[in-house]
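Inspection log for the structure reproduced underneath, given as structure tokens.
So you know, we letter chains A, B, ... as the sequences are listed, proteins then strands, and number each from 1. Any value given below was found using the heavy atoms of this structure, including those in side chains, with hydrogens, waters and symmetry copies removed.
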Amino acid sequence: MDYFIKTIVSLLKEKTNLQEDEVEKLIEIPPDLKMGDYAFPCYSLAKTLKSPPNTIATELSRVLRTTDSIIEIKAIGPYVNFFVNKRIFTEMVLKKINEEHNCYGSGNRGSGKTVIIDYSSPNIAKHLGVHHLRSALIGNAIYNIYKTLGYKCIGINHLGDWGTQFGQLIVAYKKWGSENAHKSYTVTDLNNLYVKFHQETEKNPTLEDEAREWFKKLEAGNPEAKELWQRFKDVSLKEFQKIYDMLGIHFDAFVGESFYNTMVEDTVTRIKEKGLTRISEQALIVDLETYNMPPCLLRKKDDATLYATRDIAAAEYRKKTYNFAKMLYVVGSEQKLHFKQVFKVLELMGYDWANHCVHVDFGLMKFKDGKMSTRKGKVVLLEDLLIEAIERIKEIIEAKNPSLEHKENVAKEVGIGAVIFADLSTKRNKDVVFDWDEVLNFEGETGPYVQYTHARLCSILRKYGRPVTADIPFELLNEDEAIILIKNLWRFPSIILKAAELYEPSFISNYLIDVCSNLNRFYNAHRVLSDEEELTMARILLVDATRQVIKNGLHILGIHAPEQM
RNA sequence: GCGCCCGUAGCUCAGCUGGAUAGAGCGACGGUUUCCUAAACCGUAGGUCAGACGUUCAAGUCGUCUCGGGCGCACCA
């Protein structure tokens, strides 16, 4: 709990007969700085004391004594408002940030606990489109958020590397691709084979049977099938890795569905032994009607397992292997029902950790005129978007700062940062409409705005050229613009906690916009470097602290913070 | 048909889990540079918080219903 809130709570507790936590819950922050720093609404007291809230507020403000840290207590309407000692507050905040540097915002509540985060998870043999961005970026940010809080994180890329489509691919390859066997295949080639297969199937439906047969062979461990499968996978992974590298996204494991294939039998046996299954329409299902859900299918009528079966097996394996405290699936909201079913089956199997599994869902990305579709070719390739963003940033650098060093590198960091920030700046459950102009807008509430603010601060510090010291007259930082900024810097750790609790990286991006806006206002109103030695030192400390918070925040989102741009 | 999600300024979104006068950005219009990066800053215009009823001292926020949009609902992942 905040030191000042603690003081206020203890003051109030004495005079109100309320419990500590009751008082603390009621404390809020006034909408305007002039009204005070903290406020206590008297409505609930009004009820118990049977007297108007305004009267109680006035009464309380008269009875409560000020302290060193709470220097003024004033009733405004039904609120008792508290004013903190700005000098003490400023000193506390800036010294803390100065001491903790890169660790400001970190915590240890996760120490000894493991969190598994399942994100990105693309299908083999298909390109990464912009619609794959969300899972990867949200997952990566949540990974960083939990890591910041001291959790051990395991990022898993649950590749879509199993299923009948591999039978299709093998058939297509053998029929139309093998004459080019000498050439190095790309995902585009694989994708073309896939498309060709579907075209040809319309003329010749027996191809489907061939495909099923090949998949059966693959499942049975046929060497030729296995080798081709591995080759397709290698080609895809190579391309994926290139894009993950561009985006700065990290995984601890690439473990696809194929990996769990060997465990599925045992999983199904266990579910059967619990008496949860029955046969319906020749398929093996877990009936979930009593829970108002459609059944969970474990086996198709041809005996093959399904997505859900493999997910259950994967969950069991991960629990056994990592003993996680929490497992997060960063997957689109269209799969809500699927995960509800999977978690329910895990629960019915008797696993008490079933409720430690969370589906972190997010809204669809689509075009103005409808859904993105690989089949109709209605996709924007992720790589194209990133390259375009970098190109546009290059043009801007050329126009605004042509003498900049390491232009290429900065353009990359800013261009990619813009794309990441744009995707992480709205709450994840909202659908997003992909719009080139919007993603490639670099003014206002954008990634470049935050990075630019950071670069400006670095520039001041470079000019200053001396070490930053926290031994300054803190009372000099007394302008409204400074106080508002410092208050916001103070919120950073609690913002991270909230983002972790609700799996919401956008809290951090919105917070950063807020901090930058505060800073730019300050920057515009007051000069940092001046002839007044002490004032300069004081403002430099504030500049450095803000720089640090922005850097730490961007780092969590997976965005670089260039020192010049 | 049933279930879940969304609806706040022309557009894109915040709104600190029910509190004081609903805030930003983009776009529009007007302004700021002999001064630390103008990718910035300031100002003006723009709102029946989809609608109705209810709970409450207090509702954009909670509940019910209606309308509008999206997504799911048995052998794809």
Side-chain angles (χ1 to χ4, degrees), chain A residues 26 28-32 35 39 41 43-44 46-47 52-53 76-79 81 121 123 160 162-165 257 280-285 292-302 304-308 310-311 331-338 340 361 363-364 366 371 393 396-397 399-401 404 414 418 422 425-427 429-433 435 437-438 441-453 455-464 491 494-495 498 502 506-507 510-511 513-514 516-517 519-521 523-530 536 539-540 543 564-565:
Chain A
L26 286 170
E28 43 187 273
I29 293 164
D32 193 320
M35 293 171 150
Y43 303 104
S44 54
K47 216 167 198 178
I76 303 179
Y79 292 88
N81 291 16
S121 309
N123 286 328
W162 207 246
T164 32
Q165 74 265 30
E257 291 186 79
S280 166
E281 297 171 34
Q282 300 173 64
L284 184 71
I285 67 159
N292 278 320
M293 276 185 256
C296 179
L297 270 82
L298 299 177
R299 258 191 220 288
K300 304 194 270 189
K301 59 182 164 205
D302 70 359
T305 58
L306 288 116
Y307 182 38
R310 277 166 251 151
D311 263 357
V331 181
S333 57
E334 68 274 13
Q335 294 192 33
K336 257 186 155 162
L337 179 59
H338 163 76
K340 234 174 116 183
D361 63 317
L364 237 62
K366 50 187 183 167
K371 210 172 166 175
I393 293 290
I396 294 175
I397 291 176
K400 294 189 193 271
N401 195 358
L404 179 70
V414 177
S425 59
T426 63
K427 292 187 92 163
N429 70 345
K430 295 216 177 186
D431 288 352
V432 292
V433 175
D435 181 350
D437 292 337
E438 218 170 288
N441 167 38
F442 306 129
E443 280 166 23
E445 297 173 340
T446 65
Y449 173 78
V450 177
Q451 290 171 315
Y452 176 72
T453 307
R456 274 177 139 183
L457 297 179
C458 289
S459 173
I460 295 176
L461 290 164
R462 259 197 314 278
K463 279 219 160 120
Y464 179 66
R491 287 173 63 213
S494 72
I495 295 289
K498 218 176 90 189
L502 298 177
S506 70
F507 287 160
N510 287 331
Y511 167 77
I513 290 290
D514 222 31
C516 290
S517 163
L519 182 280
N520 282 316
R521 197 162 293 167
Y523 181 95
N524 233 265
H526 309 286
R527 249 197 96 78
V528 176
L529 303 173
S530 72
T536 300
R539 287 182 177 169
I540 279 290
V543 162
Q564 294 183 56
M565 63 186 271

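- Checking A/Ser425 against A/Asn510 by side-chain atom types alone, no donor-acceptor pair falls below 3.5 Å.
- Across all strands, A/Ser280 comes closer than 4.0 Å to base atoms (heavy-atom distances).
- A/Ala304 comes within contact range of no nucleotide atom at all, as no heavy-atom separation falls under 4.0 Å.
- Nucleotide B/U64 is shown with an anti base, its glycosidic torsion being more than 90° from 0.
- Note on A/Arg456: every side-chain N or O is 4.0 Å or more away from OP1 and OP2 of B/A40.
- Counting only N and O atoms by type, the side chains of A/Thr536 and A/Ser530 include a donor and acceptor under 3.5 Å apart.
- Using a 4.0 Å heavy-atom distance criterion, A/Leu297 is classed as a base contact.
- When heavy atoms are screened at a 4.0 angstrom cut-off, A/Gln564 is found touching base atoms of the nucleic acid.
- Nearer the 5' end of RNA chain B, as judged by each residue's closest nucleotide, is the contact made by A/Ser506, out of A/Ser506 and A/Cys516.
- Within the nucleic acid shown, A/Ile285 comes within 4.0 Å of at least one base atom, counting heavy atoms only.
- Using modelled atom types and a 3.5 Å distance limit, the side chains of A/Gln335 and A/Tyr307 yield a donor-acceptor pair.
- Contact annotation: A/Lys430 reaches the phosphate of B/G7 (side-chain N/O to OP1 or OP2, under 4.0 Å).
- Taking 4.0 angstrom as the limit, A/Tyr452 places a side-chain polar atom (N or O) nearer than this to OP1 or OP2 of B/A39.
- Counting any heavy atom pair closer than 4.0 Å across all strands shown, A/Leu529 reaches a base atom.
- Contact annotation for A/Asn123: backbone-only contact, meaning every heavy-atom pair under 4.0 Å involves sugar-phosphate atoms and none involves a base.
- Residue A/Ile513 is classed as having no contact, given no heavy-atom separation below 4.0 Å to the nucleic acid.
- Look at A/Thr426 and you won't find any side-chain N or O under 4.0 angstrom from OP1 or OP2 of B/C13.
- Contacts of A/Pro41 with the nucleic acid, taken as non-hydrogen atoms under 4.0 Å apart, are absent.
- Remark: B/G7 base-pairs with B/C67; criterion is Watson-Crick or G-U wobble with both hydrogen-bond distances under 3.5 Å.
- Ranked by how close their nearest RNA chain B nucleotide is to the 5' end, A/Asn524 and A/Arg310 are led by A/Asn524.
- Base pairing analysis places B/C73 opposite B/G1; the two distances defining the Watson-Crick or G-U wobble pair are each below 3.5 Å.
- Within the shown strands, B/G54 is the pairing partner of B/C62 under the Watson-Crick or G-U definition, both distances less than 3.5 Å.
- Using a 4.0 Å heavy-atom distance criterion, A/Leu502 is classed as a base contact.
- Residue contacts shown for A/Met293 are absent, as no nucleic acid heavy atom lies under 4.0 Å away.
- Within 4.0 Å (heavy atoms only), A/Asp311 reaches no atom of the nucleic acid at all.
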Under 3.5 Å, which N/O atoms of the protein pair with N/O atoms of nucleotides 56-58 of chain B?
none

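- Within 4.0 Å of A/Pro52, counting heavy atoms only, lies no atom of the nucleic acid at all.
- At a threshold of 4.0 angstrom between heavy atoms, the contacts of A/Tyr464 with the nucleic acid are absent.
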